[in-house]
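Take a look at the structure set out below.
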Amino acid sequence: MRKILVIRHAIALDRVEAAHMSVADAERPLTKDGWKRMRGIVEGLQQWVPELHIVATSPWLRAVQTAEIVAGAYADAKVKETALLLPGSSHQELLDWLEQIPEKKHVAIVGHEPGLSLWAGWALSGQDNAFFSLKKGGACMIEFGERFAAGQGTLAWLMTAAQLRRSGR
């Protein structure tokens, strides 16, 4: 069985504020509150996901920073940037990339909305529909059985950032 932990990046610098500061969307960093809350979220994630080896992330700064916080909480976790987690990327190409990772490795992906929810919906149903929306710092676990293919995933759990922080206390 393959399990994919899907995590939306933590709270980042507001888009409008960033534009006023001439900060490109791809370069928006996490806020101080985003850093703090993500550390609490990771404590909750550790209750649900005791092992993590690879944290794949979009190359955009807020996702990379989130991935680094997540990876830092797991002894063996390594961060891997991939453009396959950028908005508008191919669902199938991401699934193909994930399939290349050995089954014994526990994987998380960190990215952006609406792409993550669309990918999750596609993994669950085989259709390009989002059944839910991940709020900042929210996460879900998708499990695949024999077939690692679109429409073959099962939603094991879905939690908001607040729920994850509470479960880590």
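Predicted model only: the values in this text are computed from it and were never measured.
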Are any non-hydrogen side-chain atoms of [X] and [Y] less than 4.5 angstrom apart?
{"X": "F131", "Y": "S117", "answer": "no"}
{"X": "H53", "Y": "K78", "answer": "no"}
{"X": "L13", "Y": "M21", "answer": "yes"}
{"X": "I4", "Y": "M141", "answer": "no"}

**D25/R62 salt bridge by N-O under 4.0 Å criterion** = yes
Smallest separation among heavy atoms of [X] and [Y], with atom names:
{"X": "A77", "Y": "V55", "answer": "CB-CG2, 4.3 Å"}
{"X": "V64", "Y": "T57", "answer": "N-OG1, 3.5 Å"}
{"X": "A149", "Y": "L95", "answer": "CA-CD2, 3.6 Å"}
{"X": "K136", "Y": "A10", "answer": "CB-C, 4.2 Å"}
{"X": "W122", "Y": "D128", "answer": "CD1-N, 4.5 Å"}
{"X": "L5", "Y": "A139", "answer": "CD1-CB, 4.2 Å"}

Measuring from [X]:[atom1] to [Y]:[atom2], what's the distance to the nearest 0.5 Å?
{"X": "Q163", "Y": "W157", "atom1": "CD", "atom2": "CH2", "result": "10.0 Å"}
{"X": "L164", "Y": "I7", "atom1": "CG", "atom2": "CD1", "result": "8.5 Å"}
{"X": "T31", "Y": "R37", "atom1": "OG1", "atom2": "CZ", "result": "8.0 Å"}
{"X": "L30", "Y": "Q65", "atom1": "CG", "atom2": "CD", "result": "4.5 Å"}
{"X": "E113", "Y": "S133", "atom1": "CD", "atom2": "OG", "result": "4.5 Å"}
{"X": "M1", "Y": "T154", "atom1": "CE", "atom2": "OG1", "result": "7.5 Å"}

**Message:** Just to verify, which of L134, I142, V6 counts as forming a side-chain contact (heavy atoms from CB on, under 4.5 Å) with L158?
**Reply:** L134
**Asked** Is the side chain of H9 donor-acceptor paired with the backbone N or O of T66 at a distance under 3.5 Å, no angle test?
**Response** no
Find out if a path of hydrophobic residues (ILVMFWY) with successive side-chain heavy-atom gaps under 4.5 Å connects [X] to [Y].
{"X": "V107", "Y": "L155", "answer": "yes"}
{"X": "W48", "Y": "I69", "answer": "yes"}
{"X": "L116", "Y": "L86", "answer": "no"}
{"X": "L84", "Y": "V110", "answer": "no"}
{"X": "L45", "Y": "F132", "answer": "no"}

**Item:** Criterion side chain to side chain contact (heavy atoms under 4.5 Å, CB included) on Q46 and Y74, from CA distance to verdict
**Value:** CA-CA 8 Å; Q46 288 176 307; Y74 292 88; 3.6 Å; yes
**Prompt:** Cationic tip of R2 within the cone over F144's six-membered ring, i.e. under 6.0 Å and within 45° of the normal?
**Reply:** no
**Asked** Would the number of heavy atoms belonging to other residues, nucleotides or ligands and lying under 6.0 Å from CH2 of W35 be above 12?
**Response** yes
**Q92 and D96 side chains, donor-acceptor separation under 3.5 Å** = yes
**Message:** Applying side chain to side chain contact (heavy atoms under 4.5 Å, CB included) to C140 and M159, what does each step give before you reach the verdict?
**Reply:** CA-CA 6 Å; C140 70; M159 283 189 259; over 6 Å; no
**Request:** Check the pair W119, L85 against side chain to side chain contact (heavy atoms under 4.5 Å, CB included), reporting the backbone distance first and the verdict last.
**Result:** CA-CA 10 Å; W119 183 84; L85 284 162; over 6 Å; no
